[in-house]
Amino acid sequence: MDRSEPRTEVAALRQALNYHRHRYFVLDDPEIPDAEYDVLFDRLVELERSHPELVTPDSPTQRIGAAPSSQFNEVRHDTPMLSLDKCTSADELAAWEERCRRLLEVDDELSYFCEPKIDGIAVSLLYTDRVLVRAATRGDGETGEDITPNVRTIPEIPIELPADVPSPLEVRGEVYMPITGFLAFNRRAVASGERTIVNPRNGAAGSLRQLDPAVTAKRPLAMFCYSIGETPGGWQPRMHSEVMAALENWGLPINRRGRRQANLKGCAEYVDALLADRDSLNYAIDGAVIKVDDLGLRPRLGQVTRKPRWAIAYKYPSEEASTVLVDVDFQVGRTGAITPVAKLEPVFVGGVTVSNATLHNMDEVSRLDLRIGDTVLIHRAGDVIPQVMKVLESKRPEDARAILMPSECPVCGSAIVQEGDEVVARCSGGLRCRAQRKERLRHFASRHALDIEGLGDKLVDQLLAEDLVSGPADLYQLTVDQVAGLERMGVKSAENLLAALEASKRTTFARFIHALGIREVGETTAATLAREFKTLGALVAADEETLQEVEDVGPIVASRIASFFADETNRTLAFALHDEIGIAWEVVEEEPKTSPLDGQTWVLTGSLEAMTRNEAKAALVDLGARVASSVSKNTTVVVAGPGAGSKRTRAEELGIEIMDEPGFVQRLARLGKAAEDPDVA
Ligand code: IVH
């Protein structure tokens, strides 16, 4: 863009902004993240400020939203639907209050009402004689679209209000798509090969603007009301907090996190606390809204360019950004699973700089139609691994390259194979593959396995690089001299490591089994096997049939265990560790005690869409839960997917918590368990 000539730059910015507004508001298919749009917009504001002669009435800065699309009838808003000024730091927030106080000529502290800024679609609901007669989008703030039939399908929006509600009443708020509903929608879309939704806000926008309300009715939508239009006659609320309380009393959905704050310090604390909770909410937020609580002060503060001075949006770091896919790496996991990993041009998103994102598997790569060189939209929320949401096709360069699964392991050169109808491809090199050896060692030493203190990822890398070890047994042959000679290690840390190795020899049989790294054998299965078989000899000797008699061991797990011990290298290693190196355990086994779901019993029923049942089970087991096949009074949670029948009914009878798959996925994510990790044992 030519930045030397303001007129040219203004024209280019307007053209770009109009194009993106159309994609965002009318097509519900934005091509750039909000933050990028904001940069263009802010630049235009800046130029128009320094060159007022360039301002035109049709400039994007003079409008809110977009003109309504012709598919819907127009609705004129008697009181315009405004937009909000924004700030991004405590200093800017303080400057905003300073301006309010100056305009009001007050020295006293002002009180405020703070609310989450919901990332959805602003909607106006008109109740005449307490009946919902009209619902409209914001549109350009003056004129919106009539979406009454669609809004009527949203379950929590009352069609009729109680007898004491004044009339007419216009209620405003944000219609949003709950995150669980958004995830479930996308999983179904992936399964049926339909278009996915990029984010919950687009989900809400697209769902509300359906021409057939029956389609809207199938979408998970909800609403938070946050204001009223013209105050109905006879009602004289003095504070915004009073309005909110009234809305709630009248059965309208409001966000329960709204709080009155006696001063700005309270607002700043609210902003921080809400940000800290952002990931635990079932709705997307992009900030907090701070409103002067006293309604009497609002007219005195007035508005500038459709933004009231009495409210401000405190924006949080965007969780979305676009960047370029520079390359794709293929990582090899402990069991050989090959995961494509996106190498990105570093980009700041969700509060951190991201340069990698998981692509899960090749099915995902083809679903996204991803190519190297593509500009992609990425999403990162909380601790969840960054995800590639979408390819921005208009930005695809001509030389974009296809992503191909290598036929050979990038680490050891063995063939990459795909078993049956498994989505995951694996390196067939087993322990000949250095990557698998490394992951196996890491697993062996990890907290829930032999818990070898001080043997972290870096040290494992160094030990392998220096050829000091190749498998778990070698760890116990290490000498102080060898370890002390490694970079960043000294005699003291070497001695500590050897002491930790020595200490790891006193363990439990369950931990020992888990440490061996048998596929599908997580902590709980290991504990069950330990209880059942008591000795290594007995476990190794058990055939598939015997193994299947054990609680929770099905044919797949049984065959994994049997084939693990059928492999001579594995068998020799297990016996060497026990008999020669002296890793030993008491016969009485305890349950592992440090996992988040310890002591809980989960039941999976119905079909799962985001993951296989084995993956779900493995994830639960890794978190310490026991996975049972039937529901009893001892069951903690039942995960019920579509088609769940008697187990669900039984859980309902017993009053046991029932969770749908999106809820389950969220719980796993919150517990730090990437549900799709194909290497979860
Ligand atoms: S108050 C003048 N409160 O943010 C007051 N708006 O950028 C404007 N929004 O159009 C509305 N959560 O779509 C308000 N708690 C909240 C909100 C909220 C989300 C949206 C709304 C508005 C936009 C302004």
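Counting convention: from 1, in listed order, for ligands and their atoms alike. Note that this is a predicted model, so its numbers are computed, not measured.
Counting atoms of ligand 1 from 1 in the listed order, those under 4.0 Å from a heavy atom of Arg138 are 10 (O). Ligand 1 places these atoms under 4.0 Å from at least one heavy atom of Pro116: 12 (N), 15 (N). Each of the following atoms of ligand 1 lies closer than 4.0 Å to a heavy atom of Leu82: 2 (C), 8 (C), 10 (O). Residue contact check: Glu115 has heavy atoms under 4.0 Å from atoms 3 (N), 15 (N), 16 (C) of ligand 1.
Relative orientation of the Tyr176 and Tyr283 rings is perpendicular, given thresholds of 30° and 60° on the angle between their planes.
Side-chain polar atoms of Ser111 and Asp293 form no donor-acceptor pair below 3.5 angstrom. No side-chain donor-acceptor contact under 3.5 Å links Asp91 and Ser89. Side-chain atoms of Thr323 and Glu345 include no donor-acceptor pair closer than 3.5 Å.
Counting heavy atoms closer than 4.0 Å to ligand 1, residue Ser227 contributes nothing at all. With a 4.0 Å cut-off on non-hydrogen atoms, Val289 touches ligand 1 through its side chain and not its backbone. With a heavy-atom cut-off of 4.0 Å, Glu174 touches ligand 1 through its side chain alone.
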Practice item. Show your working on side chain to side chain donor-acceptor pair (under 3.5 Å) between Glu9 and His51 and close with a plain yes or no. Key: CA-CA 12 Å; Glu9 192 184 347; His51 302 276; over 6 Å; no
Practice item. Output, in order, the C-alpha distance, side-chain angles, deciding distance and verdict of side chain to side chain donor-acceptor pair (under 3.5 Å) for Gln210 and Thr216. Key: CA-CA 6 Å; Gln210 291 294 325; Thr216 313; 5.9 Å; no
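The pair Arg14-Glu48 counts as a salt bridge, with a side-chain nitrogen and a carboxylate oxygen less than 4.0 angstrom apart. Salt bridge status for Arg76 with Glu74: absent, with no side-chain N to carboxylate O gap under 4.0 Å. A salt bridge between Arg256 and Glu248 is present, with a side-chain N of the basic residue lying under 4.0 Å from a carboxylate O of the acidic one.
Of the protein's non-hydrogen atoms, Tyr226 CD2, 3.3 Å is the one closest to atom 16 (C) of ligand 1. Looking only at heavy atoms of the protein, atom 23 (C) of ligand 1 is closest to Lys117 NZ, 4.0 Å. For atom 2 (C) of ligand 1, the closest heavy atom belonging to the protein is Pro308 CG, 3.3 Å. Among protein heavy atoms, atom 12 (N) of ligand 1 sits closest to Ile118 N, 3.0 Å.
Ligand 1 lies out of reach of Gly173, whose nearest heavy atom is not under 4.0 Å from it. The closest approach between any non-hydrogen atom of Lys291 and ligand 1 is below 4.0 Å.
Evaluated by nearest non-hydrogen atom to atom 24 (C) of ligand 1, the leading choice among Leu84, Ile254, Val123, Ile285 is Leu84.
The N/O atoms of Ile121, backbone and side chain alike, include none that comes under 3.5 Å of an N/O atom in ligand 1.
Remark: of the listed residues Ile254, Asn255, Leu252, Ile254 is the sole one forming a side-chain contact (heavy atoms from CB on, under 4.5 Å) with Met244.
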